[in-house]
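Letters A, B, ... are given to chains in the order of the sequence lines, protein chains preceding strands, and every chain is numbered from 1. No hydrogens, no waters, no symmetry mates; every other heavy atom, side chains included, goes into these values.
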Protein chains: 2
Amino acid sequence: MVADTKTAERRSSPGNRKAPSSPVPDDSHIARLCVESGLKMTGQRRVIAHVLSIADDHPDVEELYRRASEIDSRISVATVYRTVRLLEEKGILERRDFGGGRARYEASDSGNHYHLIDVDSGRVVEFEDDEPVRLLAQLAQRLGFDLVSHRIELFGRRAEPEDRKKSPPENRNKSGS
Amino acid sequence: MVADTKTAERRSSPGNRKAPSSPVPDDSHIARLCVESGLKMTGQRRVIAHVLSIADDHPDVEELYRRASEIDSRISVATVYRTVRLLEEKGILERRDFGGGRARYEASDSGNHYHLIDVDSGRVVEFEDDEPVRLLAQLAQRLGFDLVSHRIELFGRRAEPEDRKKSPPENRNKSGS
DNA sequence: TTATGTGCAAAAATTTTGCACAAGG
DNA sequence: CCTTGTGCAAAATTTTTGCACATAA
């Protein structure tokens, strides 16, 4: 099991609800896409859309909830769940599974990049390169399909300069997240 | 909600437990890999390994449990969960997420194949080709990682020879067998 | 014999929902 | 208005675990 066992403190503490304190732009990138998709832009959605727009990682629902709550505590986890599901259906968000039990999200239009997950630490490294996708698209084409999107997750382990390509990797000390 | 809402009948009915009726080979492909990984080959594991070896689809735990129980009812879901987790850690199995909430599994060495999901029908088409993975492995290597496994899911749409490239992708259709 | 594995049921953890109320267009 | 969204808490699902007993090596 990956060292992703954070015990996420339970929900928000009651009694400190507040309206948007930080300036939430009325038209974050994601928010714009929502409108285009014909969704009602409620205060909650605007905040969640904003949070998603400025995120440069792959937050899970609990994390999104935390970030959104920080801006406007009048948001519930249920809404976050409902929102990401909706946005995924609309094709605005993409769901990822990096292991660790929770679904994680990122904006769909973040380019042709791949996620390389360190199986020991759980850390996620991203990198770009059009070639692999180009190849895959070509193969799909050959089967009569136009590639619409893709989900590519690679699992790797830090390679040691010397001792390479010998005995199958066995136990390695897992480092923290 | 998609038609993936199979309500998996609850666990096994008590009172009809039986020992392996069908001939479970002592050395299915997966079983062999287990031994190589230094795992004890218990009766349960042998059955589960067998089931996995002959599966040509991507069963989830509940389904594996059903198939295994059919052969030897002295197996519990807990063991199936423990086993797939173990085999995944050993790199013998790979976990897939085709949407639908449950993790699905397939043998790791089923070749370098990809899953192309038809976004309109949800149908899954598989195809092989080593090149893309070779490329990705190379890129990972450059970042200092040995590629351990990968999960590549492509979403495509049947290409029509003429009428192509009009409206953007709309309806996303998850799940599929 | 002894470290491992397993069944069972209870517990966790994550996600979904029913319902009454709120709010966008 | 009236459809759509939301909070809350309860429910549903999927996965993990504690413990006493079983079993492979």
Side-chain angles (χ1 to χ4, degrees), chain A residues 1-2 4-15 17 19 26 31 34-35 37-49 59-65 68-69 72-90 95 97 99-105, chain B residues 1-2 4-14 17 19 26 31 34-35 37-49 59-65 68-69 72-90 95 97 99-105 174:
Chain A
M1 175 143 297
V2 193
D4 203 15
T5 324
K6 50 178 145 184
T7 324
E9 50 280 26
R10 278 299 108 205
R11 267 78 242 213
S12 75
S13 42
R17 13 214 57 245
D26 234 49
C34 287
V35 176
S37 286
L39 298 176
K40 271 199 202 175
M41 281 315 290
T42 65
Q44 289 90 331
R45 284 195 186 154
R46 216 182 321 277
V47 172
I48 296 174
D60 57 35
V61 170
E62 201 73 38
E63 177 61 24
L64 282 174
Y65 171 61
S69 295
D72 183 346
S73 59
R74 298 169 306 181
I75 291 179
S76 68
V77 226
T79 294
V80 179
Y81 270 107
R82 283 189 275 232
T83 303
V84 293
R85 203 221 267 177
L86 189 67
L87 297 204
E88 194 199 351
E89 275 164 18
K90 294 292 186 184
R95 183 156 41 88
D97 168 27
R102 289 132 103 134
R104 308 175 68 164
Y105 296 86
Chain B
M1 202 114 296
V2 194
D4 202 17
T5 325
K6 49 176 150 184
T7 323
E9 49 279 25
R10 280 297 111 204
R11 270 76 242 218
S12 76
S13 39
R17 13 214 56 247
D26 234 49
C34 288
V35 176
S37 285
L39 298 177
K40 271 200 202 175
M41 280 317 289
T42 65
Q44 290 90 330
R45 284 194 186 155
R46 215 180 326 274
V47 173
I48 297 173
D60 57 36
V61 170
E62 201 73 39
E63 176 62 23
L64 282 174
Y65 171 60
S69 296
D72 183 346
S73 58
R74 298 169 305 181
I75 290 178
S76 69
V77 227
T79 294
V80 179
Y81 270 106
R82 282 190 275 232
T83 303
V84 292
R85 203 221 269 180
L86 189 66
L87 298 203
E88 195 199 349
E89 275 164 18
K90 293 293 186 184
R95 185 154 41 86
D97 167 27
R102 287 132 104 137
R104 308 175 67 162
Y105 296 87
K174 55 176 182 174

d(CD, Glu63(B); P, dT14(D)) in whole Å: 13 Å

Could you tell me whether Asp72(A) and Arg46(A) have a side-chain N and a carboxylate O separated by less than 4.0 Å? no

Test salt bridge (Lys or Arg N to Asp or Glu O under 4.0 Å), reference Glu88(B), set Arg82(B), Arg95(B), Arg104(B), output is Arg95(B)

With side chains defined as the heavy atoms from C-beta onward, is the minimum distance between Gln44(A) and Thr83(A) less than 4.5 Å? no

Side-chain N or O of Gln44(B) versus OP1/OP2 of dA22(D): is the shortest distance under 4.0 Å? no

Heavy atoms only: give me the nearest Lys40(A)-Arg45(A) pair and the separation to one decimal. O-NH1, 3.0 Å

On a heavy-atom basis, which atom in Met41(B) and which in Ala31(B) lie closest, and how many Å separate them? CE-CB, 4.0 Å

Let me confirm one number: the CG-SG distance from Leu86(B) to Cys34(B), rounded to the nearest 0.5 Å. 7.5 Å

Asp72(A) CG to dG7(D) C1', in whole Å, measures 13 Å

To the nearest angstrom, the CZ-P distance between Arg74(A) and dC8(D) comes to 12 Å

Nearest-neighbour nucleotide for the Tyr81(B) side chain, dG7(C), dT16(D), dG5(D) considered: dT16(D)

Provide the closest heavy-atom pair for Val61(A) versus Tyr105(A) in the form atom of the first, atom of the second, distance. CG2-CE1, 4.0 Å

Atom-to-atom span, CD of Glu89(B) to C1' of dT15(D) - whole angstrom: 14 Å

Nearest 0.5 Å, please: how far is OG1 in Thr79(A) from CZ in Arg74(A)? 12.0 Å

What's the CG-C1' distance between Leu64(B) and dT14(D), to the nearest Å? 14 Å

Just report the end-to-end axis angle for the helix from dT1(C)-dA25(D) to dG25(C)-dC1(D), five pairs per end, to 10 degrees. 50°

Specify the separation, in whole Å, of atom CD of Glu62(B) and atom P of dA12(D). 16 Å

Per atom distances to the Arg85(A) side chain, the nearest of dT16(C), dT6(C), dG7(D) is dT16(C)

Scoring nucleotides 18-25 of chain C by protein non-hydrogen atoms under 4.0 Å (B base, S sugar-phosphate only, - none) yields B----BBS

Rounding to an integer number of Å, can you tell me how far Tyr65(B) OH sits from dT16(D) P? 17 Å

Does the side chain of Leu64(B) reach to within under 4.5 Å of the side chain of Ile48(B), using non-hydrogen atoms? no

Whole angstrom value for the distance that separates P of dT14(C) from CZ of Arg95(A): 15 Å

Quick note, Ser76(B) side chain, CB onward, closest among dG7(C), dT6(D), dT15(C) is dG7(C)

